[in-house]
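Here the structure comes first, spelled out in structure tokens, and everything after it is commentary.
First listed ligand is number 1; within each ligand, the first listed atom is number 1.
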Amino acid sequence: MRKLAAGNWKMNGLAADLAEVKALIAAHPAPSCEVLLCPPATLIAQMAAARGGAPLLIGGQDCHAAAGGAHTGDIAAEMLRDAGASHVIVGHSERRGDHGETDAAVRAKAMAAHRAGLVAIVCLGETLEERRAGRTLEVCAGQLAGSVPDGATAANTVIAYEPVWAIGTGLTPTLAEIAEVHGALRQALAQRFGAGAAGMRLLYGGSVKPSNAAAIFAVAGVDGALVGGASLKAAEFGAIVAALEAA
Ligand code: 13P
């Protein structure tokens, strides 16, 4: 299993910010892990051009479930692929929260990703209220069951555990808490998909920084990270890539 350092630029990034991508590639021309950046859709084609022949993967941040049609403002998975993407994030908590996306909607988007030949990065995670109520494992298992389609394989799907309360806050679960959730997710995947899911990557996301990356990557069951704020600058994301390479 190759580990994966994924960056989610969210609603950040103009053409001028492609300089960060070039700096990242220059500093890490041949990483031993997979490196993925998910810029806003407006930058996918330009980022694909900027990467040249470098092994940088590019992804979208969301897709519509349909392949095309009357859906103003939405983007089909096929369009992301056409622009140069190989991956797409689905079910990010900001999509679930801002746009009311349900597990069923996320599952349909993951199926659309697979239909288009994209790797779906399915996000899930508990709120602070749910963690305080002792419901973390139940909530995450429920989202996994509802959001991951039956056709998921290690090749076409990545799971990202992102506690909602850890995103953009500087807070993270303890290493033991991360290990507990990743262990439970791995077990649920094995029960549902058998040996075929053994290689499915489980990323941790939520306030991953250069300062905590090595410790998080040393946690059993963490196969990489989905990084928000710290993925915007080549120096910070590069340090996280280096920590994953060393893990
Ligand atoms: P931060 O790394 O900014 O906390 O964001 C995490 C995230 O939501 C990645 O998808």
Side-chain angles (χ1 to χ4, degrees), residues 3-13 17 20-21 24 33-41 43-44 47 57-63 80 85-99 101 106 109-110 113 118-128 130-131 136 139-140 143-144 147-148 157-175 177-178 181-182 185 201-217 219 222-244:
K3 296 192 173 174
L4 172 61
N8 174 9
W9 279 17
K10 309 192 179 185
M11 200 169 72
N12 299 289
D17 297 302
E20 296 297 329
V21 179
L24 178 71
C33 58
E34 287 188 346
V35 179
L36 166 71
L37 282 178
C38 300
L43 284 183
I44 289 174
M47 192 179 281
L57 302 167
I58 298 172
Q61 299 176 9
D62 177 51
C63 66
L80 296 174
S86 54
H87 292 61
V88 61
I89 297 168
V90 295
H92 192 282
S93 62
E94 288 150 18
R95 299 286 322 169
R96 292 177 186 262
D98 292 356
H99 301 276
E101 292 186 6
V106 175
K109 288 173 182 231
L118 299 179
V119 176
I121 301 176
V122 181
C123 301
L124 52 86
E126 82 285 1
T127 63
L128 192 55
E130 288 163 343
R131 177 163 281 280
T136 297
V139 167
C140 293
Q143 290 182 332
L144 188 78
S147 304
V148 176
T157 303
V158 173
I159 309 299
Y161 167 53
E162 298 205 304
V164 178
W165 53 274
I167 294 174
T169 58
L171 302 173
T172 58
T174 66
L175 300 177
E177 286 167 341
I178 294 173
V181 175
H182 279 239
L185 293 174
R201 270 87 54 94
L202 292 180
L203 310 183
Y204 169 77
S207 296
V208 176
K209 307 288 175 201
S211 56
N212 62 15
I216 290 170
F217 294 150
V219 173
V222 173
D223 306 315
L226 182 55
V227 183
S231 73
L232 294 168
K233 292 291 171 208
E236 281 190 66
F237 194 51
I240 292 168
V241 169
L244 187 57

Residue, atom and distance of the protein heavy atom nearest atom 7 (C) of ligand 1 read Glu162 OE2, 3.1 Å
Those residues that, when tested against Ser211, pass side-chain contact (heavy atoms from CB on, under 4.5 Å) (two or more places apart): Lys209
In the protein, what heavy atom is nearest to atom 2 (O) of ligand 1, and what distance, to one decimal place, separates them? Gly228 N, 2.8 Å
Identity and separation of the nearest protein heavy atom to atom 3 (O) of ligand 1: Gly229 N, 2.8 Å
Any Ile167 side-chain heavy atom under 4.5 Å of Glu94 side chain: yes
Non-hydrogen side-chain atoms of Leu171 and Leu128 separated by less than 4.5 Å: no
Report yes if some N/O of Ser207 lies less than 3.5 Å from some N/O of ligand 1; otherwise report no. yes
Would you mind checking which non-hydrogen protein atom is closest to atom 4 (O) of ligand 1, with the distance to 0.1 Å? Gly168 N, 2.6 Å
Under 4.5 Å between any side-chain heavy atoms of Gln61 and Asn8, yes or no? yes
Closest non-hydrogen atom pair, Ala166 against Thr172: CB-CA, 4.3 Å
Side chain, backbone, both or neither: which part of Ile167 has a heavy atom under 4.0 Å from ligand 1? both
Counting heavy atoms only, which of Lys10, His92, Glu94, Gln61 is nearest atom 5 (O) of ligand 1? Lys10
If we number the atoms of ligand 1 from 1 as shown, the ones under 4.0 Å from a heavy atom of Leu226 are 9 (C), 10 (O)
Considering only heavy atoms from C-beta outward, does the side chain of Ile216 approach that of Leu175 to under 4.5 Å? yes
Output the list of atoms in ligand 1 that are nearer than 4.0 Å to some heavy atom of Asn8, sorted by atom number. 9 (C), 10 (O)
For the pair His182 and Tyr161, name the ring-plane relationship: parallel under 30°, tilted 30 to 60°, perpendicular over 60°. perpendicular
